Every structure is written in structure tokens, then in C-alpha cells.
Amino acid sequence: MTLSKEFYNQCCPSYQKAVNKLEKSIVDISLSNDSQEAKSHKIRAAVFNFSKYYLTPLEYWYLCLRLIDKKSFDNHENWRKSVCEIIKHAYFQHFFYGHIYDSFGYSEAYGNKIVQLLEFQNKYKYRLMNITEQDLNYPHDHLKKCFCKFEKKTFRLPPFKLVKRYEKMKELYSKIKSVEGNVDEWFKLLLEVGDNVFVKENVEYRLGRDFFNVKLWKLYIDFLKDSKEYPRLLEVYSKYCRFFLDDNEMLIKYKEEMIEHGYSDVPLDEIFECGFVSDEEKSSSVETKEILPFEKSICSSFYEKSRIQDFSLPKPLIAYILDNSDHRILRKLFSSCKYFYFKKQTPICYSFRTGSEIIFNAESLTLKPTSNQEFFFKDTFITGGIYLKYPFQPEVTFISNLIPRLYRCEAKYIKFYKQNMSFEELKFLIKHRGVVQLHLPNCKIMDEKENDFVSLEQIMAYLPNVKSVNTKKM
């Protein structure tokens with residue numbers, strides 16, 4: 001039998017009878033004289049036919065996926081489409097979240113959306129460094145790693161609002177995991193995320209792996225009712241009644257809800273296959289806002305309305321603030337008034353890296369290994385990361401020549417390759433004690449006073465928050 005004995009024994013008699021019929025069909029097909037390809041096709045058809053009338057456990061969908069022989073398809077794309085067709089049907093109709101397949105890039109089966117689960121599903125994106133802000137807006141088990149990837153990938157300082165949200169979600173994830181055994185508390189903590197889509201996807205993910213969690217079914221139904229998501233409410237009722245076939249009390253409630261929300265004339269079979277359509281989905285009209293033409297008279301009066309900056313704070317105090325501000329405060333001052341940048345001409349660079357061409361992007365700069373540093377750096381403040389990427393590594397003294405042109409460095413991610421520098425130069429880069437990753441393969445760090453190589457222990461004294469260190473030869 002495809003289902004476990006434990007699962008089968010918990011099912012109601014009516015559902016067991018339906019499963020027995022399906023299992024008999026699978027056995028008969030398997031023992032037939034048909035070709036393996038024909039058998040696979042008929043078993044998949046039997047499962048799909050079963051799924052029209054009953055909520056179908058994930059074991060049957062994994063069976064269908066295993067029966068798709070890649071060799072029987074003339075190209076990879078046709079095989080992929082067949083896999084996605086199964087996943088799409090199972091996902092939308094049967095709470096099937098095929099995370100194994102989604103990990104390899106089958107996101108189109110889910111409507112090309114990010115599936116926001118506590119068990120992070122977009123590992124394919126993660127490997128491609130394709131993390132977005134949306135991946136940091138909900139609690140999941142890869143949150144810390146995703147934030148690290150995002151910091152290295154982005155071209156500007158992550159917004160404070162996003163960082164605050166990330167910290168909150170990180171704390172919330174720990175709380176949610178600690179109460180997994182208590183369905184009521186677990187559900188309440190899901191609501192704290194403040195995202196109905198997140199709640200729905202995680203509840204359905206859990207129900208898809210535990211059809212017998214009646215308490216969670218009813219919490220979810222109440223949630224949908226309170227949220228006035230009536231089309232989805234009726235779909236969930238439908239799924240429940242197609243598994244708990246002998247629960248007449250819930251079937252009566254389901255029919256009452258259908259009548260209340262105007263679906264009394266729709267056959268139950270049609271509802272389960274096609275789903276309900278909300279009023280928002282019925283309407284295809286898109287509201288557009290009228291764009292007013294630019295008022296050219298604004299330009300003519302621009303200088304008439306200008307005024308000399310006059311601060312209430314004394315200038316020595318302003319100079320003190322500028323000299324002692326971190327990069328976040330400097331950014332705010334520079335964006336508030338050009339006066340501050342005029343008084344302290346310190347360009348802020350979020351990330352600097354080497355590459356095949358010169359690129360300016362937001363607060364990030366990419367230079368060729370042979371680029372003249374004098375044209376690009378003068379009292380520059382590097383705040384995010386420095387990456388001398390292989391195979392675009394510059395000459396061995398590149399960093400030593402760069403440091404005198406820097407105002408300050410508070411980079412969290414430092415990756416060099418084949419660089420020679422003194423310990424004092426390295427300390428300039430890491431003395432802020434905020435480095436998270438320090439990779440120095442094939443680098444020579446010398447203590448000029450001792451005329452000897454610096455020990456790893458000396459370097460580690462400046463790295464209280466480091467997560468990864470690499471000083472090996474390659």
C-alpha cells in the first residue's frame with residue numbers, strides 16, 4: 001500500500017473504502033502486460049481521477065512524480081512541464097508543497113511566487129545569490145543566512161526598516177519553533193507576522209503533512225471567516241469534507257456557508273476542481289491615476305526662493321557631529337542638506353569589488369584590476385564589503401595603495417586574494433570589530449615591527465563577531 005498503515009487506520013471507513021479501490025487499481029495496472037511507460041501513465045491517471053473526489057495525501061503525489069521517467073521525454077523542457085503540471089494541481093487543490101522539486105527551480109508550479117514557509121523553500125534562489133527583501137520579511141529557518149547573502153549582494157545599505165523587520169522575524173521564528181507542539185500558541189504566533197498569505201501557506205503546509213489535525217483545520221476555518229476570505233473559506237471546507245467523509249456536522253456547516261455566500265447552485269464536484277472565484281478576481285478593471293503635466297514655472301522662481309542655510313547649532317558643534325558620526329548618520333546629514341557634504345566631503349561606498357568593467361551602481365563601485373585608484377577614491381568611507389574577486393585579482397599591493405585614500409572602513413565582509421599588506425593596514429580595515437566574514441587566501445600579512453608574519457590569534461583579537469575566516473593557501 002502507498003499509504004502507511006498508521007495513516008490508513010486513522011481514516012474514516014468511507015475514505016478507507018475509496019483508498020482500497022485506488023490501491024486495487026494501482027496493483028492491477030502494475031501487474032498488467034502493458035509497457036512501463038503505459039503503466040506509469042495509467043497509475044497517474046488513476047491518482048488524478050481519485051483526486052477529483054477526495055483530498056489526496058502527499059504520498060500519492062510523490063508516487064506520480066517518481067513515475068515520470070525522464071528518459072521517455074524527447075527533451076528536458078517537456079519533462080519539466082509534466083512535473084510542474086502535477087505539482088501545480090497538487091499544490092492548489094491538495095495542500096501539497098513539493099519542496100524537493102521547488103528547490104531545483106520549479107517555482108512556476110507555484111505561480112512563480114515566493115512560497116513563504118517556516119521551512120525555507122527557495123534554496124535554489126539562495127544558491128544563486130538571488131535573495132530579495134521579500135525573503136527577509138517573514139520568519140524561516142534560513143533567515144540569518146539570507147540576510148548575510150542579501151547584505152553582500154545589495155548595492156546600498158539595507159534600509160533600517162528592513163533590518164528592524166528582519167530582527168523581529170528572527171526572534172519570532174525561535175518562538176514559533178518552540179511551541180510547535182501547541183497548535184493554539186503556534187497559530188497565534190503566526191498571526192503576529194501580520195501577513196495573511198504567510199499564515200495561510202504555513203497552515204496549509206502543515207495540514208498537507210497532517211490531515212488529521214482537526215484542531216488546526218477548525219482554527220484555520222475560523223481565521224478565514226474572521227478575515228472575510230469567503231472563497232478560500234469554502235475551498236477549505238470542501239477539502240475537509242472530502243477527507244473526513246463521515247463528518248456530517250461539518251458537511252452541514254459547509255452547505256450553510258455555501259448558501260450564505262451565494263454558491264448554493266454550484267455542484268460540489270465543480271467547486272473542488274475549479275475553486276471559488278472572489279469578487280476581486282471577477283473584476284478585471286485596473287484603476288489608473290491621471291499624471292499631471294510638469295509645472296515649468298517652478299524652475300523660473302527656483303533661485304528667488306533659495307535661502308542661506310542658518311543652523312541654530314553653533315558651527316563647532318556641527319563640525320564635531322560630522323567628525324564623530326557613523327556612516328548611517330552621515331547618510332542622513334548628506335541627504336538632508338548639501339551643506340553637510342560641502343563641509344565634509346566623504347563619499348560613502350557600500351561595497352567595492354573588482355570585475356571586468358567599471359560600474360557605478362547606487363552606493364557600490366566595481367573597478368577593473370588595472371583602474372587608477374586616484375580617480376575613484378578620496379577620503380572614501382567603505383561600509384559594507386570589499387571583494388577582490390578571482391579571477392579579477394589586482395596586483396599584490398592594491399589594498400596597501402588603496403588604504404591611504406580611505407577615510408574609514410567599517411566593512412562587514414572582506415574578501416581578498418593574493419594581497420601583501422602590513423598588520424597596521426589590516427587593522428585599519430578590521431579595527432571597527434564588526435567584520436562577519438574575513439577571507440584572505442594567499443595573502444601575506446606582515447608585522448613590520450617584528451619583521452615576521454602575523455599570527456591568526458593576533459588577527460582574531462579584532463574579530464569578536466566574525467562567522468567565517470579563511471587564511472588558507474589556494
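Note that the structure is a prediction, hence the values are computed from the model and not measured. Heavy atoms only: backbone and side chains are in, while hydrogens, waters and symmetry mates are out.
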| Exercise: identify the closest heavy-atom pair between K153 and I131 | NZ-O, 3.0 Å
| query | Just wondering, do T380 and L402 contact through their side chains at under 4.5 Å, heavy atoms? | reply | no
| request: Give a yes or no answer on whether the side chain of K170 reaches the backbone of L143 with a donor-acceptor pair at less than 3.5 Å. | output: no
| query | With no hydrogens and no angle check, is any side-chain donor or acceptor of Y350 less than 3.5 Å from a backbone partner on E151? | reply | yes
| With I386, which of C349, C409, S351 fulfils side chain to side chain contact (heavy atoms under 4.5 Å, CB included)? | C409
| Counting heavy atoms not belonging to D323, are there more than 12 under 6.0 Å from its CG? | yes
| query | Should the pair E235-R232 be classified as a salt bridge under the 4.0 Å nitrogen-to-oxygen rule? | reply | yes
| message | Less than 4.0 angstrom from a charged side-chain N to a carboxylate O is my criterion; do K164 and E167 meet it? | response | no
| task | Please say which of R156, K412, R331, E363 ends up in a side-chain hydrogen bond (donor to acceptor under 3.5 Å, both in side chains) with T383. | result | R331
| query | Is there side-chain contact between K200 and L224, with at least one heavy-atom pair below 4.5 Å? | reply | yes
| message | So, taking the atom named NZ in K152 and the one named OH in Y387, what distance separates them when rounded to the nearest 0.5 Å? | response | 6.5 Å
| query | In terms of the angle between their ring planes, are F223 and Y220 parallel, tilted or perpendicular, with boundaries placed at 30° and 60°? | reply | parallel
| query | Does a side-chain heavy-atom distance below 4.5 Å link T346 with L322? | reply | no
| said: So, taking the atom named CD1 in I176 and the one named CD in E185, what distance separates them when rounded to the nearest 0.5 Å? | reply: 11.5 Å
| Do E171 and K175 sit within salt-bridge range, that is, some charged N less than 4.0 Å from a carboxylate O? | yes
| said: A quick test of your reading: do over 12 heavy atoms of other residues, nucleotides or ligands sit less than 6.0 Å from CZ of F212? | reply: yes
| task | Identify whether NZ of Lys or CZ of Arg in K431 sits under 6.0 Å from the centre of the six-membered ring of F428 and within 45° of that ring's axis. | result | no
| query | Under the 3.5 angstrom rule, does the side chain of Q419 hit a backbone N or O of I399 as a donor-acceptor pair? | reply | yes
| Is a salt bridge present between K88 and E85, judged by a nitrogen-to-oxygen distance below 4.0 Å? | no
| Passes side-chain contact (heavy atoms from CB on, under 4.5 Å), F95 versus L58? Steps please. | CA-CA 8 Å; F95 295 158; L58 58 84; over 6 Å; no
| request: Test K177 against D141 for salt bridge (Lys or Arg N to Asp or Glu O under 4.0 Å), laying out the working first. | output: CA-CA 10 Å; K177 292 298 289 183; D141 57 353; over 6 Å; no
| For D135, does its backbone N or O pair with a side-chain atom of H142 as donor and acceptor, under 3.5 Å? | no
| request: Please name the residue in the list Y237, F243, F244 that meets the ring pair (Phe, Tyr, Trp, His ring centres under 6.0 Å) test with Y240. | output: F244
| query | For the residue pair F352 and F377, is the inter-centroid distance of their aromatic rings smaller than 6.0 Å? | reply | yes
| request: Show the numbers, then the answer: is there a side-chain contact (heavy atoms from CB on, under 4.5 Å) between I414 and L438? | output: CA-CA 5 Å; I414 298 176; L438 180 65; 3.8 Å; yes
| field | Spacing of C64 atom SG and F96 atom CZ [to the nearest 0.5 Å] | value | 9.5 Å
| Which class fits the ring pair H94 and W61: parallel under 30°, tilted 30 to 60°, perpendicular over 60°? | tilted
| How far apart are the C-alpha atoms of F160 and R328, what are their side-chain angles, what is the distance that settles it, and do they pass the side-chain contact (heavy atoms from CB on, under 4.5 Å) test? | CA-CA 9 Å; F160 178 73; R328 290 178 178 81; 5.8 Å; no
| How many angstroms lie between CZ in F360 and CZ in F376, if you round to the nearest 0.5 Å? | 5.0 Å
| Is there a donor-acceptor pair under 3.5 Å between the side chain of D210 and the backbone N or O of R206? | no
| note | Correct closest heavy-atom pair for L157 and H327 would be CD1-CE1, 3.8 Å
| field | Test: R66 cationic atom under 6.0 Å from Y62 six-membered ring centre, within 45° of axis | value | no
| request: Please examine the side chains of I445 and Q458, heavy atoms only from C-beta on, and report whether any two atoms are closer than 4.5 Å. | output: no
| said: Looking at A461, is its backbone amide N or carbonyl O close enough to the side chain of R433 to form a donor-acceptor pair, meaning the two atoms are under 3.5 Å apart? | reply: yes
| message | Pairing donors with acceptors under 3.5 angstrom, does anything connect the side chains of E425 and S400? | response | yes
| Could you give the distance from CZ (F453) to NZ (K444), rounded to the nearest 0.5 Å? | 5.5 Å
| message | Quick check on K418: does its NZ atom have over 12 non-hydrogen neighbours (other residues, nucleotides or ligands) under 6.0 Å away? | response | no
| task | Mark yes when over 12 heavy atoms from residues, nucleotides or ligands other than K168 sit less than 6.0 Å from its NZ; otherwise mark no. | result | no
| field | Heavy-atom side-chain proximity of L233 to I221 below 4.5 angstrom | value | yes
| query | If every non-hydrogen atom of A411 is compared with every non-hydrogen atom of V435, which pair is closest and at what distance? | reply | O-CG2, 3.6 Å
| task | Look only at the side chain of Q116 and the backbone of F198, and say whether a donor-acceptor pair between them is shorter than 3.5 Å. | result | no
| request: Nearest 0.5 Å please: distance from the CH2 atom of W217 over to the CZ atom of F211. | output: 6.5 Å
| Is there a side-chain contact between Y166 and L162 (heavy atoms, below 4.5 Å)? | no
| message | Is any side-chain heavy atom of K218 closer than 4.5 Å to one of V214? | response | yes
| Just by distance, do the side chain of N202 and the backbone of L118 share a donor-acceptor pair under 3.5 Å? | yes
| task | Of all the heavy-atom pairs spanning N137 and R165, show the shortest one and how long it is. | result | O-NH2, 2.9 Å
| query | Where the side chain of S335 meets the backbone of K332, is there a donor-acceptor pair that is under 3.5 Å apart? | reply | yes
| Taking the side chain as C-beta and beyond, is there a heavy-atom pair between C146 and F150 under 4.5 Å? | no
| message | Between L172 and Y138, does the side-chain contact (heavy atoms from CB on, under 4.5 Å) criterion hold? Intermediate values first, please. | response | CA-CA 9 Å; L172 194 54; Y138 65 96; over 6 Å; no
| field | Nearest heavy-atom neighbours spanning E395 and N401 | value | OE2-ND2, 3.6 Å
| Heavy-atom closest contact (I318 atom, Y339 atom, distance) | CG2-CE2, 4.3 Å
